[in-house]
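Each chain gets a letter, A, B and so on, in the order the sequences are listed, and its residues count up from 1. Not measured: the values here are computed from a predicted model.
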Amino acid sequence: MDTNFYEQVYEIARLIPKGRVTSYGAIAKSLGAAKSSRMVGHAMLYAGSAYPKVPAHRVVNSSGLLTGKFHFKPPELMEKLLRKEGVEVNNDKVVNFKKVFWNPLEEINLD
DNA sequence: TGAATGACTCGTC
DNA sequence: CGACGAGCCATTC
């Protein structure tokens with residue numbers, strides 16, 4: 001896919017450190033398209049087809065809710081993976097979201 | 001080409 | 001604090 005937009009999303013998503021999560025808006029913002037947060041979510045759908053695979057489970061909405069968990073093969077996989085990486089998840093939402101939140105804008109350098 | 005859709009976000013009630 | 005509505009943008013039919 002020459003959809004560079006998605007590629008950028010994957011790039012950011014892949015940069016998400018283990019045990020950390022980020023929001024669609026944050027990724028979109030890092031791409032310079034803060035308003036295209038929805039596209040980030042759509043890109044995540046392609047994540048399964050993308051390679052290397054993208055840790056879509058580390059991407060949640062601005063509230064830390066696992067909005068896209070139902071899109072996983074087993075909807076519970078997302079939460080499972082996050083917990084496995086050390087991210088506490090309760091009621092489909094990330095616990096201490098602010099603490100585990102990973103801001104791409106601060107980590108990524110456009111140098 | 002116009003209309004519909006979505007793993008979002010924000011402001012109001 | 002929870003529910004509702006409108007805005008935004010790229011992709012698809």
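In the set B:dG6, B:dC8, B:dA7, B:dG6 carries the atom at the smallest distance from any side-chain atom of A:M39. Distances from the side chain of A:K35 to the nucleotides C:dT11, B:dA7, C:dC9 place C:dC9 closest. For A:S36, the listed nucleotide lying nearest its side chain is C:dA10; candidates were C:dA10, C:dT11, B:dC10. In this structure, the nucleotide among C:dC8, C:dA10, B:dA7 sitting nearest to the side chain of A:R38 is C:dC8. Closest to the side chain of A:M78, from the set C:dT11, B:dA7, C:dA10, is B:dA7.
For the pair A:L31 CG and C:dC9 C1', the interatomic distance rounds to 13 Å; values are reported in whole Å. The distance from atom CE of A:M44 to atom C1' of C:dT11 is 15 Å, rounded to the nearest whole Å. Between the OH atom of A:Y10 and the P atom of B:dA7 there is a distance of 14 Å, rounded to whole Å. We find that NE2 of A:H42 is positioned 7 Å from C1' of B:dT5, with the value rounded to whole Å. The nearest whole Å value for the distance from the CG atom in A:L65 to the P atom in C:dA3 is 12 Å. Put simply, NZ on A:K29 is 17 Å from P on B:dC8, counting in whole angstrom units. Rounding to whole angstrom units, CD1 of residue A:I27 and C1' of C:dA10 are separated by 16 Å. Straight-line distance from the CG atom of A:L45 to the C1' atom of C:dT12: 13 Å, rounded to whole Å.
Atom CD in A:E7 sits 7.0 Å away from atom CZ in A:R14 (nearest 0.5 Å). Note that the CG atom of A:L45 and the OH atom of A:Y6 stand 8.0 Å from one another [nearest 0.5 Å].
The stretch residues 49-59 of chain A comes close to DNA chain B through A:A56, each having a heavy atom under 4.0 Å from the strand.
Tested against A:S30 for a side chain to side chain contact (heavy atoms under 4.5 Å, CB included), the candidates A:L15, A:V9, A:I12, A:T22 yield a single pass: A:I12.
Heavy atoms of other residues, nucleotides or ligands lying less than 6.0 angstrom from NZ of A:K29 number 12 at most.
The heavy-atom pair separating A:L82 from A:H57 by the smallest distance is CD2-O, 3.1 Å. The shortest heavy-atom contact between A:A13 and A:M44 is CB-CE, 4.1 Å.
Residue-level contact check: A:F72 touches the bases, meaning some heavy atom is under 4.0 Å from a base atom.
With hydrogens and angles ignored, the 3.5 Å screen pairs a side-chain donor or acceptor of A:N61 with a backbone N or O of A:G64.
Applying the 4.0 Å criterion to OP1 and OP2 of C:dT12, one finds that A:Y46 has a side-chain N or O inside that range. Side-chain nitrogen and oxygen atoms of A:S37 include none within less than 4.0 Å of the OP1 or OP2 phosphate oxygen of B:dT9.
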